[in-house]
Amino acid sequence: MNFLNKCINFAQNILPGGCRLCGMPGRDAICHYCETRLPVMTAACCARCALPLPAGEVCGHCLQHAPVIDSVTARFAYQEPLRSVLIGFKHQQRWPDARVLADLMLQVPPPQTQGLLLVPVPLHPLRVKARGYNQSAELCRRLGRQLSLTVDPYGLQRILPTPPQQQLDRTARLRNLKQAFVADRERVIGRDILLIDDVMTTGATLDAAATALKSAGATSVHGWVVARAL
Ligand SMILES: [Zn+2]
Ligand SMILES: [Zn+2]
C-alpha cells in the first residue's frame, strides 16, 4: 500500500463515517438496524470450545479430547455482516475498528474476568512489521482499559514465522503451531490468563498458545474472541 492510500485509509478510519456495516450516517459505529443483523450465537455454547450445543455444558468432542484451554467465550459466529468488518480489521489497515469490536465483545464478557491477565495472541514480529499492528493487541488495549485489567503484550511470543495457515492441511498446521509460541515464565507463572484473539477457527491456535502459557506456569488460560467459525 502506498503512502497516499495509507493516508486516505487513516482519515477514513478516524473520521466519523457512520455505520461500519451499511454506511448510514450517524454517531453509532454500528447502527441500530445493523446491530439486529449481527450473527449472535443464540444457542447455549460449549464452555470449552464455544461451539453451539443442543444440550449440556461441554460438547462431545471436548469430552473426548479435552482442549488445553479452560474455556472460550465467543459472542458471535464468524458470519456476515461481521465477517467483512473482521477481515477489514485484520487485513485492510482498519485497526481503529478495535474499538467497536471490543465494545461488542464487552456486551457479553466471560463469566469471570476479575484478576485475569489479558494477553493478546501474538503475531510473529515479521508479520507485525508487514501489517503495522497486531489486531489482537489492539482489541486487548481497549478491553483492558474498559475492564480495568492489566494487559501484558509480552507474556507470549510467536517465535516461528508460520506460513498462512490456510495453505496447510490440519496435521501440518498443528505441527507448525505446536512450536510457534513461547511464554515468558516470569510474567505468566501463577497467573490466570485471558487470551484475546479476533477470530477462532478450529481452536488450534488458542490451544497452542494455551499450551505454551501453561508450560510456563500459568495457572489457567481462558480465551475470548470476537467471533467463532461454525
Ligand atoms: Zn448500519
Ligand atoms: Zn467443545
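In listed order, ligands and their atoms are each counted from 1.
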Can you give me the SG-the Zn ion (ligand 2)-SG angle for Cys49 and Cys46, to 10°? 110°

With the threshold set at 4.0 Å, does a side-chain nitrogen-carboxylate oxygen contact exist between Asp97 and Arg142? no

Considering residues, nucleotides and ligands other than Glu57, do more than 12 of their heavy atoms fall under 6.0 Å from its CD? no

Let me see the working for Asp192 and Thr219 under side-chain hydrogen bond (donor to acceptor under 3.5 Å, both in side chains), right down to the final yes or no. CA-CA 5 Å; Asp192 296 295; Thr219 305; 4.5 Å; no

Please say whether more than 12 non-hydrogen atoms of neighbouring residues, nucleotides or ligands are located less than 6.0 Å from CZ in Arg187. yes

Could you grab the angle centred on the Zn ion (ligand 2), going from SG in Cys59 to SG in Cys62, to 10°? 100°

Can you tell me if Cys34 has an N, O or S atom under 2.8 Å away from the Zn ion (ligand 1)? yes

Angular separation of Cys31 SG and Cys22 SG about the Zn ion (ligand 1), given to 10°: 110°

